[in-house]
**Student:** 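Mind looking over this structure? Questions follow.
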Amino acid sequence: MKKILLSLSVVCAASFLTGCDNRLDIEQKGVIAAEDFYKTDDDAQNALNNLYQCFCLHIAGNEGIYVALPVLFNEAGDDMLAAGNMYGDNDFGAQINEFRYDSQNEVINNTYKGLYAVVYDSNTILDKISDDSPVKKRVRAEARTLRAWAHLMLAIGWDCPPLVDHVLPADAKPANYEGGHDALLEWVAQEAEMAVPDLDERINPADKVGASKVTKGLALTVAGKARLFKGDYAGAKTDLKQVINSGKYELVPADRWANLFHASGDLCEEMIFQANCLDNANVGDWSNKIQRTSWMWIQFWNWRTDKLANKPTFIGPAGWGGHSIRQDFAEKMLANDGDSPRRKATFMTGDEFLYEMEWAWTEGEDDDAKRISSKDLTREQIEVSDQVGIKATDGLYGFGGYFAHKIVAWPEDNEKGWYGFKNLTIFRYAEVLLMYAEACAMTNDNDGLQYLNAIQNRAGSAHVSTALNMTEVKNEKMFEMWIEGVRFPDMVRWGDTDGIVNNGKDIPSTYDAFFTKGEAKHRLYVEKSNPNKGVTGFVKGKHEYFAYPYDAISRNPNLVQNPSGL
């Protein structure tokens with residue numbers, strides 16, 4: 001069995017230092033040599049702190065101008081579109097959404113590099129720190145779990161990427177894992193399960209620290225998800241039920257569901273693990289990549305309010321409009337949920353956008369200026385007001401008549417200043433309940449129905465399941481977990497990819513006839529276009545897994561490219 005790691009940082013360092021002159025071989029002052037470090041409990045804890053810092057940088061920050069991992073795993077689904085200012089804007093995301101990417105797509109590259117950076121930093125701890133004290137055992141277990149999680153995401157995204165359990169030399173050329181996809185998932189599950197005895201447990205659902213570090217609950221969630229994706233439903237039930245029975249996690253009530261995706265929901269009772277950027281002491285000036293990319297998180301996902309008559313009051317900073325909710329998905333959720341708190345916190349209908357959302361503007365000049373709110377107007381007044389609606393005559397590109405706002409940043413998400421950000425959620429308890437319900441449905445075990453119902457009842461959904469089956473589980477997971485990076489991998493493993501074969505065709509834009517046609521009242525309408533000239537859409541046998549980045553393939557002849565990169 002080959003266990004290998006692509007260490008880009010080591011490769012780069014080695015190639016750089018090769019040309020160094022002996023005159024540069026100057027002893028550094030105040031620096032601990034590597035062979036003298038990793039000895040004590042304090043050394044181990046400091047190394048672990050560095051791992052968490054790197055996790056925030058590479059997974060919740062990354063090298064690009066956005067947070068790559070959620071962009072990659074969300075854009076490819078059947079429930080959203082890559083929007084933007086116009087065709088060609090946000091093309092790095094649109095390439096994924098429309099399945100016209102290649103091995104040089106920057107989102108793919110940054111996600112892949114970020115995950116292997118976590119593997120490298122984890123392996124540094126596991127290679128160098130012994131297990132001769134309780135503290136060191138815990139530190140090793142936390143690193144082992146994060147390494148397993150990174151491999152889980154790599155397996156979900158790339159099928160059979162290199163598997164490692166140690167740091168490789170700079171000249172290593174790792175091949176695809178020879179054991180195959182299912183064996184890689186089994187390795188992930190076993191690694192996470194073996195870490196559990198040495199991990200701390202979250203103290204209680206109010207324990208915020210326990211939601212920002214690796215705990216038993218996270219390790220069991222990683223193992224349970226790996227077993228679910230492998231098709232080991234009995235094993236998945238065993239792992240996930242331990243998380244449920246621990247009593248350390250709870251669903252937030254319906255009136256706080258929307259907060260889960262904003263700063264006020266960070267590290268709450270529903271969070272199993274978040275990359276804690278908000279309280280990260282290492283966030284610095286603009287050059288700091290965590291700060292920079294977290295600001296870009298808001299920019300990427302927020303609406304293009306420059307195209308609106310005024311900025312809605314619920315929105316914090318303006319954005320690029322990098323996503324929208326697909327019309328067919330919105331209509332399915334509307335039929336399922338009705339006016340549930342969950343649905344209304346996920347997206348608005350056109351009528352809600354115009355007449356229920358609060359618009360605000362200023363009238364007058366200097367001392368005579370006054371703040372006006374649409375809440376102070378009647379519907380009849382709003383219908384003829386030029387201070388609401390979509391003012392841009394080119395409309396909102398990629399919008400199909402519905403307005404997603406589940407992760408659009410609120411003013412509170414901008415609390416740290418003009419950049420602003422929130423923590424990145426890796427797992428929340430609702431996903432555990434839905435995965436357990438699925439494992440039960442696949443094993444004719446009705447125990448999962450109570451947890452499926454708990455999600456539905458919390459949502460205030462118009463539909464509450466009376467039987468446990470895969471149709472009920474799939475629908476509920478689709479609605480509850482929208483834009484949380486789980487839909488596309490689920491579609492692939494279920495074989496439910498028919499809804500994305502036409503991605504990239506008939507792209508909608510939403511207009512307001514009040515501004516575009518001079519009509520007396522606001523009326524939203526949708527027109528479709530086909531700006532793509534080449535082949536688009538999901539192809540079975542080709543697009544189940546992402547392309548390996550060109551940088552990895554070009555330097556490593558042993559790594560076999562996936563069909564999507566050929």
**Student:** Both conditions, 6.0 Å and 45 degrees, for the charged tip of K225 above the ring of F427: are they met here?
**Tutor:**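 The answer is no, since K225 fails at least one limit relative to F427.
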
**Student:** Would you mind checking if R326 and D78 are paired as a salt bridge, meaning a charged N to carboxylate O distance below 4.0 Å?
**Tutor:**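 R326 and D78: not salt-bridged.
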
**Student:** Counting only N and O atoms by type, is there a donor-acceptor contact under 3.5 Å from the side chain of H522 to the main-chain atoms of S385?
**Tutor:**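 At least one qualifying donor-acceptor pair exists.
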
**Student:** Under 3.5 Å, is there a donor-acceptor pair linking the side chains of Y87 and S529?
**Tutor:**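 Absent: no donor and acceptor within the cut-off.
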
**Student:** Is it the case that the ring center of F73 lies less than 6.0 angstrom away from the ring center of F546?
**Tutor:**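 Yes; F73 has its ring centre under 6.0 Å from that of F546.
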
**Student:** Find the distance between CG (L115) and CD1 (I156) and round it off to the nearest 0.5 Å.
**Tutor:**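 It comes to 10.0 Å.
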
**Student:** Would you say that K540 contacts D498 through its side chain, given a criterion of any heavy-atom pair below 4.5 Å between the two side chains?
**Tutor:**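 Of all side-chain heavy-atom pairs linking D498 with K540, at least one is under 4.5 Å.
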
**Student:** Got R487 and M481 here, is their nearest side-chain heavy-atom distance under 4.5 Å?
**Tutor:**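 No. Closest side-chain heavy atoms not under 4.5 Å.
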
**Student:** Write down the atom of P341, the atom of A254, and the distance for their closest heavy-atom approach.
**Tutor:**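 Distance-wise, the nearest heavy atoms are CB-O, 4.2 Å.
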
**Student:** For K391, is there an ion pair with D306 - N to carboxylate O distance below 4.0 angstrom?
**Tutor:**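 Looking at D306 and K391, the cut-off is not met.
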
**Student:** So does E250 pair up with R458, basic N to acidic O under 4.0 Å?
**Tutor:**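 Salt bridge absent between E250 and R458.
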
**Student:** Checking side-chain polar atoms at under 3.5 Å, does S461 have a donor or acceptor matched by the opposite partner on Q456?
**Tutor:**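 No, because no side-chain N or O of S461 sits under 3.5 Å from a partner of the opposite role on Q456.
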
**Student:** Determine yes or no for a side-chain-to-main-chain donor-acceptor pair under 3.5 angstrom, with D413 supplying the side chain and A409 the backbone.
**Tutor:**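 No, the answer is negative, given that no donor and acceptor are paired below the 3.5 Å cut-off.
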
**Student:** Can E270 and R256 be counted as an ion pair, charged N to O under 4.0 angstrom?
**Tutor:**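 Salt bridge absent between E270 and R256.
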
**Student:** Please find the pair of heavy atoms, one from A318 and one from N302, that lie closest to each other, and give the distance.
**Tutor:**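 Closest approach of A318 to N302, heavy atoms only: C-CB, 4.2 Å.
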
**Student:** Less than 4.0 Å between a side-chain N and a carboxylate O, is that true for R379 and D351?
**Tutor:**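 R379 and D351: salt-bridged.
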
**Student:** Could you check if a side-chain atom of Y112 sits within less than 4.5 angstrom of a side-chain atom of L69, using non-hydrogen atoms only?
**Tutor:**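 Not touching, per the 4.5 Å side-chain cut-off.
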
**Student:** Mind listing the closest non-hydrogen atom pair of R304 and G321 along with its distance?
**Tutor:**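 Closest heavy-atom pair between R304 and G321: CG-N, 3.6 Å.
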
**Student:** Between D447 and K241, is the closest basic N to carboxylate O distance under 4.0 Å?
**Tutor:**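 A salt bridge is present here (some side-chain N lies under 4.0 Å from a carboxylate O).
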
**Student:** For the atom pair CE (M491) and CZ (F488), what is the distance rounded to the nearest 0.5 Å?
**Tutor:**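 It is 7.0 Å, given to the nearest 0.5 Å.
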
**Student:** Answer yes or no: is there a donor N or O on one side and an acceptor on the other, between the side chain of N110 and the main chain of E106, under 3.5 Å?
**Tutor:**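 Yes; judged by distance alone, with no hydrogens or angles, the pair exists.
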
**Student:** State, yes or no, whether a side-chain contact exists between E383 and F514 at a heavy-atom distance under 4.5 Å.
**Tutor:**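 The answer is no, as the side chains (C-beta and beyond) never meet within the 4.5 Å cut-off.
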
**Student:** Any side-chain heavy atom of L72 within less than 4.5 Å of one from I108?
**Tutor:**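 With C-beta onward as the side chain, the pair touches.
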
**Student:** Quick one: do F353 and V388 satisfy side-chain contact (heavy atoms from CB on, under 4.5 Å)? Show the steps, please.
**Tutor:** CA-CA 9 Å; F353 168 78; V388 305; over 6 Å; no

**Student:** With a 3.5 Å distance limit and no angle check, can you tell me whether T349 reaches the backbone of E352 through a side-chain donor-acceptor pair?
**Tutor:**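 A pair under 3.5 Å: yes.
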
**Student:** Do other residues, nucleotides or ligands put more than 12 heavy atoms under 6.0 Å from the NZ atom of K375?
**Tutor:**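 For K375, atom NZ is crowded (more than 12 foreign heavy atoms under 6.0 Å).
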
**Student:** As an exercise, state the distance from CD1 of I407 to OG1 of T346, rounded to the nearest 0.5 Å.
**Tutor:**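 Those atoms lie 11.0 Å apart.
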
**Student:** Verify, without hydrogens or angle tests, whether R428 (side chain) and E431 (backbone) share a donor-acceptor contact under 3.5 angstrom.
**Tutor:**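 It does not hold such a pair.
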
**Student:** Given L433, which of L452, L251, N453 fulfils the side-chain contact (heavy atoms from CB on, under 4.5 Å) condition?
**Tutor:**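 Single pass found, and it is L251.
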
**Student:** For F314, which of W410, W359, W303 qualifies under ring pair (Phe, Tyr, Trp, His ring centres under 6.0 Å)?
**Tutor:**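 Only one option passes, and that is W303.
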
**Student:** The test is side-chain contact (heavy atoms from CB on, under 4.5 Å); show your working for I382 and L354 and say whether it passes.
**Tutor:** CA-CA 8 Å; I382 298 174; L354 286 170; 5.6 Å; no

**Student:** Would you compute the distance between atom OG1 of T425 and atom CD of E484 and round it to the nearest 0.5 angstrom?
**Tutor:**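 Rounded to the nearest 0.5 Å, the OG1-CD separation comes out at 7.0 Å.
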
**Student:** Between the side chains of N336 and H463, is a donor N or O closer than 3.5 angstrom to an acceptor N or O?
**Tutor:**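 Side chains of N336 and H463: no pair found under 3.5 Å.
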
**Student:** Donor-acceptor pair, distance only, cut-off 3.5 Å: does the side chain of D79 make one with the backbone of I325?
**Tutor:**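 No, the answer is negative, given that no donor and acceptor are paired below the 3.5 Å cut-off.
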
**Student:** Applying salt bridge (Lys or Arg N to Asp or Glu O under 4.0 Å), run through K307 and D394 and close with a yes or a no.
**Tutor:** CA-CA 9 Å; K307 289 180 171 286; D394 58 349; 2.9 Å; yes

**Student:** Within the side chain of N74, is there an N or O that forms a donor-acceptor pair under 3.5 Å with the backbone of G485?
**Tutor:**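 Answer holds: yes.
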
**Student:** Whether R343 and D339 form a salt bridge (side-chain N of Lys/Arg under 4.0 Å from carboxylate O of Asp/Glu) is what I want to check.
**Tutor:**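 Yes.
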
**Student:** Measuring only between side-chain heavy atoms, which start at C-beta, is T221 closer than 4.5 Å to W149?
**Tutor:**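 No. Closest side-chain heavy atoms not under 4.5 Å.
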
**Student:** Name the residue from N503, N532, T536, N502 that meets the side chain to side chain donor-acceptor pair (under 3.5 Å) definition with E98.
**Tutor:**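 Single side chain to side chain donor-acceptor pair (under 3.5 Å) partner of E98 among N503, N532, T536, N502: N532.
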
**Student:** Between I372 and Q387, is a side-chain contact (heavy atoms from CB on, under 4.5 Å) present by the stated rule, with each step listed?
**Tutor:** CA-CA 10 Å; I372 305 296; Q387 299 299 317; over 6 Å; no

**Student:** Could you tell me if the side chain of S212 sits less than 4.5 Å from the side chain of Q274, heavy atoms only?
**Tutor:**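 They are not in contact (no side-chain heavy atoms under 4.5 Å apart), so the answer is no.
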
**Student:** Mind listing the closest non-hydrogen atom pair of W361 and S374 along with its distance?
**Tutor:**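 Scanning both residues, the minimum pair turns out to be CZ3-N, 4.0 Å.
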
**Student:** Is a side-chain N or O of S324 found less than 3.5 angstrom from the main chain of G398, in a donor-acceptor match?
**Tutor:**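 At least one qualifying donor-acceptor pair exists.
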
**Student:** Do R100 and D91 sit within salt-bridge range, that is, some charged N less than 4.0 Å from a carboxylate O?
**Tutor:**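 A salt bridge links R100 with D91.
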
**Student:** Centroid-to-centroid, W482 to F261, below 6.0 Å?
**Tutor:**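 No, ring centres 6.0 Å or more apart.
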
**Student:** To the nearest 0.5 Å, what is the distance between NZ (K474) and CD (E438)?
**Tutor:**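 It comes to 8.0 Å.
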
**Student:** Determine, stepwise, if the pair H543 / Y101 fulfils side-chain contact (heavy atoms from CB on, under 4.5 Å).
**Tutor:** CA-CA 10 Å; H543 289 124; Y101 61 79; 3.7 Å; yes

**Student:** Ignoring hydrogens, what is the shortest heavy-atom contact between Y52 and L146? Give both atom names and the distance.
**Tutor:**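 Nearest pair, atom of Y52 first, then L146: CE2-CD1, 4.4 Å.
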
**Student:** Find the distance between CZ (F329) and CG (L334) and round it off to the nearest 0.5 Å.
**Tutor:**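 Taking CZ in F329 and CG in L334, the distance rounds to 11.0 Å.
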
**Student:** Between G401 and T510, what is the shortest heavy-atom contact and its length?
**Tutor:**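 Distance-wise, the nearest heavy atoms are N-OG1, 2.9 Å.
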
**Student:** Can you list everything that forms a ring-ring contact (aromatic ring centres under 6.0 Å, His included) with F347? Sequence neighbours excluded, please.
**Tutor:**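 Expected list: Y402.
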
**Student:** Can you check whether E527 reaches S509 side chain to side chain, under 4.5 Å on heavy atoms?
**Tutor:**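 A side-chain contact is absent here, since even the closest heavy-atom pair is not under 4.5 Å.
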
